[in-house]
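Here the structure is laid out as structure tokens; the discussion comes afterwards.
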Amino acid sequence: MSQDAITPREKDFSQWYLDIVTKAELADYSPVRGCMVIRPNGYAIWERLQRTLDGMIKASGHRNAYFPLFIPESFIRKEAEHVEGFAPECAVVTHGGGKQLEEPLMVRPTSETIMYHMYAKWIQSYRDLPLLINQWANVVRWEMRTRLFLRTTEFLWQEGHTAHATAEEAEEETCQILEMYRRFAEEEMAVPVFMGRKSENEKFAGALHTYSIEAMMQDGKALQAGTSHNLGQNFARAFEVKYQDENQAWQYCWQTSWGVSTRLIGALIMAHSDDRGLVLPPRMAPTQLVIVPIWSSDEQKSAVLSYVDALRGQLEGQVDYHIDDRDQLRPGWKYAEWELRGIPLRLEVGPRDLEKRGAVLVRRDTREKQTIAAEQLAKAVAASLTTLQRDLFARARDFRDAHTRSIDTYEEFRRYMREASGFAWAHWCGRPECETRVAQETKATIRTVPFRPSDRLTTPDAPGPEEGHCLACAATSSQRVLWGKSY
RNA sequence: CGGGGUGUGGCGCAGUCCGGUAGCGCACCUGCUUUGGGAGCAGGGUGUCGGAGGUUCAAAUCCUCUCACCCCGACCA
């Protein structure tokens, strides 16, 4: 554990981020460029996230499966848009067993092609539908520039892939998953998000349309935190994913795919943490409470430890806790270390508490100390965890709202994107050229196009349809879209 | 791939201008004293100075080439 200070956010935001990742021992650089080692502290967060999300995925009727890492190179070429989007960033295996392969194998950048190849075999009748499959896997994309957790050459994710009988069902699925991601981000990660549709420029290669959830980081930049694609029949046609309907007619399936990745750990860090280190929302923390016993003499040590032992009974099964009884370190050191690691609550228990049959409970986010009575422990811990979770979300939402504004003129927009940093609701005519131009001139892109009253979902906190003029070309526009610089 | 920066013990750095054979802080190990916000004292171990070549009696230091990483931009979850 390094005891050097973390670079303050004000001074250098990306260095601050990297300091947290490395000093809290979440991840480390690998000998291979662009790849990272996820260390136990970081992997524990991933496991926590995975457990919760996996439960949600299964509760909505999906089942897990596992498809292979290697994909025949020809597969990726079968869908025109898809190959264009992914071919440049694919890793290709040309040799195996000491011999050149007859057909090179791609390391999956995503699994649409290999999964749908199998779906074509498994689906024959409308009775086989819907097919609702998810997989937890690693994927590889050869990125130009990488950043720990946010963009690495290899990353972990879940990818859901479904096949349906009708376009309506597929759209329903796409929306239902997006809503699930929103709930996960806001309720579990305490990260507020805007939901909506991606512009043509930003959508997934091969999809009819893409929906996403967009979060704001503490530097005002956007992070795409989850995506859900309605694939229409694009892949079904390319891979012959067909079924016979009630009238014995052959129909192409309607498909969806959706995913979130280890990038979410980056979102968690950049949304909540401070200059002392990581701040984890209780529902994402592998350990929610750390107990630090304090003693001087050996007699005190055994008295305090048996008192702690009595206290822990109240916590069993209620909260994930850890007792830090390391002998060689002083309490102050332990406090700093657990704060760096983002553990939401700390319980200090020393001779004075023992005497008064109490303890001191400390919040990670505010570092506020509260003296509690021994018999109140379970209640106080539960209450603090709930409050902390709620406060983190509220603080993140307030920050986002304070850095989001409506802008009407391109001049003001340029100044805002240059001098401030945040989201802007501004009019857009809908043409990709206009988005490209704004992106080139300001670095800001359309993060999301809010849902309209006719859509299945709504975008909370978004301005409703309204007449206006496109930022770039001044043509009439019927709604504002969300702009921002992004990761 | 362009622009900027950094490579010296596990980590953070000084030393480089002006060549003389490597040092500081933290961490680590041992012992004693300590323990309610990053403990003190004493003792101890730790380096092919990113790599290769060159100049020189002598290179961390000068020259040439090279590699890696970080930051900013172009590609993206």
Side-chain angles (χ1 to χ4, degrees), chain A residues 1-5 7 11-19 22-23 25 28-34 84-90 109-110 139-159 181 198 201-205 210 212-215 222-229 257-267 276-277 292-298 300-301 304 324-340 346-356 358-360 362 367 369 371 439-440 443 445 485-487:
Chain A
M1 178 68 50
S2 167
Q3 68 168 12
D4 302 305
T7 306
K11 196 178 159 214
D12 184 343
F13 192 83
S14 31
Q15 193 54 51
W16 165 80
Y17 173 79
L18 291 173
D19 282 354
T22 52
K23 290 180 199 291
E25 295 176 353
D28 205 348
Y29 294 98
S30 92
V32 178
R33 192 196 115 80
E84 203 181 315
F86 282 105
E89 51 185 277
C90 281
T110 178
V139 288
V140 167
R141 296 180 188 177
W142 223 261
E143 301 290 350
M144 288 180 179
R145 192 168 155 215
T146 57
R147 265 148 119 21
L148 295 176
F149 286 115
L150 297 177
R151 182 172 302 104
T152 46
T153 300
E154 178 189 9
F155 58 93
L156 306 183
W157 74 347
Q158 63 61 218
E159 49 179 326
Y181 285 158
K198 281 296 189 187
N201 286 354
E202 298 275 327
K203 75 160 206 208
F204 175 74
T210 292
S212 75
I213 53 172
E214 301 285 328
L223 187 81
Q224 182 170 311
T227 51
S228 184
H229 316 290
S257 71
W258 29 274
V260 302
S261 72
T262 32
R263 167 177 260 203
L264 287 183
I265 295 175
R276 307 180 74 84
V292 180
I294 299 154
W295 63 79
S296 313
S297 62
D298 282 347
Q300 266 183 351
K301 179 180 176 183
V304 167
D324 185 357
D325 58 359
R326 287 175 295 176
D327 218 349
Q328 64 281 19
L329 296 174
R330 294 158 67 105
W333 174 276
K334 295 179 183 178
Y335 299 166
E337 179 173 306
W338 292 110
E339 282 170 1
L340 171 61
R346 176 174 77 237
L347 192 72
E348 305 175 1
V349 186
R352 297 207 293 268
D353 304 295
L354 173 56
E355 208 171 300
K356 289 178 296 189
V360 176
V362 190
R367 298 174 68 223
K369 295 195 177 190
T371 305
Q440 280 168 355
K443 309 281 180 262
T445 50
K485 293 183 206 160
S486 75
Y487 276 98

If you measure from the [atom1] atom in [N] to the same atom in [M], how many Å do you get, rounded?
N: rG51(B); M: rA68(B); atom1: C1'; answer: 10 Å
N: rU21(B); M: rA59(B); atom1: C1'; answer: 9 Å
N: rC67(B); M: rG45(B); atom1: C1'; answer: 31 Å
N: rC11(B); M: rA42(B); atom1: C1'; answer: 24 Å
N: rG9(B); M: rU48(B); atom1: P; answer: 7 Å
N: rG3(B); M: rC13(B); atom1: C1'; answer: 26 Å
N: rG15(B); M: rC62(B); atom1: C1'; answer: 16 Å
N: rG50(B); M: rA22(B); atom1: P; answer: 15 Å

Interatomic distance where [atom1] belongs to [X] and [atom2] belongs to [N] [whole Å]:
X: W16(A); N: rC71(B); atom1: CH2; atom2: P; answer: 14 Å
X: K443(A); N: rC76(B); atom1: NZ; atom2: C1'; answer: 16 Å
X: Q224(A); N: rC76(B); atom1: CD; atom2: P; answer: 12 Å
X: Q158(A); N: rA77(B); atom1: CD; atom2: P; answer: 15 Å
X: E84(A); N: rC76(B); atom1: CD; atom2: P; answer: 11 Å
X: E89(A); N: rC1(B); atom1: CD; atom2: P; answer: 18 Å
X: R352(A); N: rG36(B); atom1: CZ; atom2: C1'; answer: 5 Å
X: Q300(A); N: rU34(B); atom1: CD; atom2: P; answer: 12 Å

Please compare P351(A) and D12(A) by the position of their nearest nucleotide in RNA chain B and report the one closer to 5'.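 Looking at the nearest nucleotide for each, P351(A) comes out on the 5' side.
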Closest-nucleotide 5' rank along RNA chain B - winner of D298(A) and E154(A):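 Nearer the 5' end of the strand: D298(A).
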Looking at the base of [N], is there any donor atom on it, or on the side chain of [X], that sits under 3.5 Å from an acceptor on the other one?
X: R151(A); N: rC76(B); answer: yes
X: E339(A); N: rG37(B); answer: yes
X: K369(A); N: rG36(B); answer: no

Can you figure out which of [options] approaches the side chain of [X] most closely?
X: M144(A); options: rA74(B), rA77(B), rG37(B); answer: rA74(B)
X: R276(A); options: rG38(B), rG37(B), rU35(B); answer: rG37(B)
X: Y335(A); options: rG37(B), rU35(B), rC75(B); answer: rG37(B)

Does Y29(A) make a side-chain N or O approach to OP1 or OP2 of rA68(B) shorter than 4.0 Å?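 Y29(A) to rA68(B) OP1/OP2: no side-chain N or O under 4.0 Å.
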rA77(B) OP1/OP2 closer than 4.0 Å to side-chain N/O of S261(A):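 For rA77(B), neither OP1 nor OP2 has a side-chain N or O of S261(A) closer than 4.0 Å.
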Matching residue for E337(A) among R330(A), R346(A), R326(A), R276(A) - test: salt bridge (Lys or Arg N to Asp or Glu O under 4.0 Å):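 The single option meeting the salt bridge (Lys or Arg N to Asp or Glu O under 4.0 Å) with E337(A) is R326(A).
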What is the nucleic acid contact for [X], judged by heavy atoms within less than 4.0 Å: base, sugar-phosphate only, or nothing?
X: K301(A); answer: nothing
X: E214(A); answer: nothing
X: S14(A); answer: sugar-phosphate
X: T22(A); answer: nothing
X: L18(A); answer: sugar-phosphate
X: V360(A); answer: base
X: R367(A); answer: base
X: E348(A); answer: base

Report yes if the side chains of [X] and [Y] come closer than 4.5 Å at any heavy-atom pair, otherwise no.
X: V139(A); Y: P109(A); result: no
X: V362(A); Y: Y335(A); result: no
X: R151(A); Y: M144(A); result: no
X: T110(A); Y: F86(A); result: yes

Roughly how far apart are E89(A) CD and R141(A) CZ, rounded to 0.5 Å?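 If we round to the nearest 0.5 Å, E89(A):CD and R141(A):CZ are 6.0 Å apart.
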Quick one: CZ on R263(A) to CH2 on W157(A), what's the gap to the nearest 0.5 Å?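 Between atom CZ of R263(A) and atom CH2 of W157(A) there are 11.5 Å.
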SB check D325(A) K301(A) (cutoff 4.0 Å):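 Salt bridge between D325(A) and K301(A), a charged N being under 4.0 Å from a carboxylate O: no.
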Should the ring pair W258(A) and Y181(A) be called parallel, tilted or perpendicular, given that the plane angle runs from 0 to 90° and is split at 30 and 60?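 The arrangement is perpendicular - the two ring planes meet at more than 60°.
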Relative to the ring of W16(A), is the ring of F13(A) parallel (under 30°), tilted (30 to 60°) or perpendicular (over 60°)?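 Ring orientation, 0 to 90° scale: tilted.
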Under a 3.5 Å cut-off on both pairing distances, which runs of 3 or more consecutive Watson-Crick or G-U pairs involve RNA chain B?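 Stem list for RNA chain B: B:1-7 with B:67-73, B:10-13 with B:23-26, B:28-33 with B:39-44, B:50-54 with B:62-66.
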Evaluate the side chain to side chain contact (heavy atoms under 4.5 Å, CB included) criterion for residues E214(A) and K198(A): first the C-alpha distance (whole Å), next the side-chain angles of each, then the deciding distance (0.1 Å), finally the verdict. CA-CA 10 Å; E214(A) 301 285 328; K198(A) 281 296 189 187; 2.7 Å; yes
Heavy-atom donor-acceptor pair, Q300(A) side chain to S296(A) backbone, under 3.5 Å: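 Here the side-chain-to-backbone pair exists.
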Please write out the pairs of protein N or O atoms and N or O atoms of nucleotides 39-42 of chain B separated by less than 3.5 Å, giving the distance to one decimal.
residue	atom	partner	partner atom	Å
rA39(B)	OP2	R330(A)	NE	3.0
rA39(B)	O4'	R330(A)	NE	3.3
rA39(B)	N9	R330(A)	NH1	3.1

